[in-house]
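Start at 1 with the first residue, then count along the sequence. Since the structure is predicted, the reported quantities are computational estimates derived from the model, not experimental observations.
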Amino acid sequence: MVNHNADALGIIFPNSYDNLVPELVSERLMASIPFASRYRMVDFILSSMANCGIDNISIIVRKNYHSLMDHLGSGREWDLVRKNGGLNIVPPFAEKTVKVYNGRVEALASILDFLKSQKEKYVVMTDANIAVNFDFKSLIAAHMESQADVTIVYTESEIPKGVRDKETVTGDLYYTFNIEDGQVKEIYINSKEKGIQNLSMNIYIMERAFLIDQIEKAFVKGQVYFERDILAPQLDKLNVRGYKYEGYMALICDMRGYFEENMKLLEDENLDALFEGNPIYTKIRDDNPTRYINGSRAKNIMAADGCVIEGDVENSILFRGVKIGKGAKVRNSVLMQGTVVEENATVESIITDKNVTITKGKEVKGTDIFPVYIAKHQVV
């Protein structure tokens, strides 16, 4: 792991876009949603920061944060145990100024005293709804070279159907850009345009002093959203640059998207693209390797440690401690930690949350475009 300081501190907003996957966040937040058989969503951004020398990272939580705190602990797995800096989880009411926030402006206003007391020159802000192996060193270097006020990371992609077609206003805004010669000329909010767009990844870098100044001005005006209320009205005055990301990423924006992004990792090219280069760290759990009992069959699966497979599994993601009974058939499914599929049961195109049991002989089927979700601790 890279241990040098990158002269930047990180801020992660772990509850962003919770409303797009209500089933998965009833007892957790976006950042702690399980992904890719043994990881949580926050692992990817947190590991990327740590690998690039960002060793002062604050996570400003809003609600349902106990699972995240349990997962992150002291930050040891990410080498973020520090006397100064390290991992700092900021729950609501941790201090007098920290409230349950609505947007980034309110969240950042609640930690202004903390920001003023830090020594790093730059601040990197990001959400936790993307699984990406990101090179923050290149982003910092590009920002310094351009002398921009703010640099925004974007990717050329279609707007995910899960957010574009959302019928209700959830408060979780998404952004696309008009970019000319690297400069952001216009920010579009919740665009319904189809086709390839300059889609924001909600990763930003700016000088700490600039951020403090902007937040102080915005907060007294009652403004809520950093992008909509601070950046968009000042594009003619500020030098806001775009940084194009061309690597692999998985964006979680609805249940179908969550299912599809997991299933994509069964293709070697996608798996390699996400995990090549710097390692991704996660909470360590000491367990046995997956056991394949005589007579079992497994084809094109991703299985974490602690699994026991006696039945027939194909095209599926198995998290830690999943058990597939004798004669059971599992197809095109995402089974989270502790799921048990008993003897002769059949499951296809389903997502099980933690500690679900599919009882003996039962048949549960969804479809590729509508996977069936089974909530935590349910017995079917």
Side-chain angles (χ1 to χ4, degrees), residues 13-44 62-64 67-68 71 127-132 157-174 190 192 199 201-202 248-267 270 274 301-302 304 315-319 322 330-339 341 346-358 363-380:
F13 301 94
N15 286 101
S16 296
Y17 301 100
D18 279 357
N19 293 321
L20 297 180
V21 283
E23 303 92 338
L24 292 174
V25 298
S26 61
E27 298 180 30
R28 61 168 75 91
L29 35 57
M30 174 64 76
S32 60
I33 290 176
F35 186 76
S37 88
R38 64 190 298 264
Y39 299 92
R40 303 291 184 109
M41 290 300 297
V42 73
D43 292 339
F44 296 90
R62 185 169 59 192
K63 60 180 181 178
N64 290 347
S67 64
L68 181 67
H71 177 70
D127 293 332
N129 67 320
I130 53 173
V132 62
S157 170
E158 291 189 11
I159 299 170
K161 193 173 186 299
V163 292
R164 191 189 68 218
D165 296 346
K166 197 75 174 177
E167 294 182 358
T168 58
V169 177
T170 64
D172 289 321
L173 307 179
Y174 62 93
N190 288 6
K192 300 297 183 182
L199 179 65
M201 292 173 61
N202 292 342
Y248 185 86
M249 74 166 189
L251 182 65
I252 307 304
C253 55
D254 63 355
M255 285 297 291
R256 180 180 172 184
Y258 172 78
F259 178 78
E260 291 176 348
E261 294 296 349
N262 269 285
M263 300 304 287
K264 284 179 183 177
L265 296 180
L266 295 174
E267 300 174 22
N270 295 330
L274 181 57
I301 71 168
M302 180 187 293
N315 297 333
S316 295
I317 308 289
L318 309 184
F319 286 78
V322 169
V330 177
R331 298 284 185 274
N332 306 321
S333 295
V334 177
L335 308 183
M336 292 189 198
Q337 182 176 315
T339 294
V341 181
T346 300
V347 298
E348 183 173 341
S349 298
I350 71 167
I351 302 169
T352 64
D353 214 311
K354 295 173 67 174
N355 301 317
V356 166
T357 298
I358 308 296
E363 185 173 303
V364 184
K365 291 187 177 182
T367 67
D368 290 343
I369 61 172
F370 194 84
V372 171
Y373 170 74
I374 303 175
K376 190 184 290 189
H377 303 301
Q378 296 298 307
V379 177
V380 179

[atom1] of [X] to [atom2] of [Y]: how many Å apart, nearest 0.5 Å?
X	Y	atom1	atom2	answer
T346	K365	OG1	NZ	6.5 Å
S316	M263	OG	CE	5.5 Å
F259	Y373	CZ	OH	14.5 Å
L318	M302	CG	CE	10.0 Å
I358	T339	CD1	OG1	7.5 Å
Y248	N270	OH	CG	4.0 Å

Would you name the heavy atoms of [X] and [Y] that are closest together and state the gap between them?
X	Y	result
P371	I369	CD-C, 3.7 Å
I351	M255	CD1-CE, 3.8 Å
I317	N262	CD1-O, 3.5 Å
L274	F44	CD2-CE2, 3.8 Å
N64	V25	ND2-O, 2.9 Å

- Sequence neighbours excluded - salt bridge (charged side-chain N to carboxylate O under 4.0 Å, His left out) pairs with any residue from residues 19-32: E27-K376, R28-D353
Counting N and O atoms only, with roles assigned by atom type, does the side chain of [X] sit under 3.5 Å from a partner on the main chain of [Y], one being a donor and the other an acceptor?
X	Y	value
D18	M30	yes
S333	S349	yes
Y17	L173	yes
N332	D368	no

- Sorted by chain and residue number, the salt bridge (Lys or Arg N to Asp or Glu O under 4.0 Å) partners of K264 (sequence neighbours excluded) come out as E261
- Task: Mind running side-chain contact (heavy atoms from CB on, under 4.5 Å) on I252 and L24 for me, showing each step along the way?
- Result: CA-CA 11 Å; I252 307 304; L24 292 174; 5.6 Å; no
- Query: Quick one: does V163's side chain get under 4.5 Å of N190's, heavy atoms only?
  - Reply: no
- Given S16, which of N129, N202, D127 fulfils the side-chain hydrogen bond (donor to acceptor under 3.5 Å, both in side chains) condition? D127
- side-chain contact (heavy atoms from CB on, under 4.5 Å) between T352 and F319, worked out: CA-CA 10 Å; T352 64; F319 286 78; over 6 Å; no
Listed pairs under 3.5 Å, donor-acceptor, residues 34-42 side chains, sequence neighbours left out:
unit_1, atom_1, unit_2, atom_2, d
R40, NH1, S32, O, 2.7

- Task: Show your working on side-chain contact (heavy atoms from CB on, under 4.5 Å) between V356 and M336 and close with a plain yes or no.
- Result: CA-CA 8 Å; V356 166; M336 292 189 198; over 6 Å; no
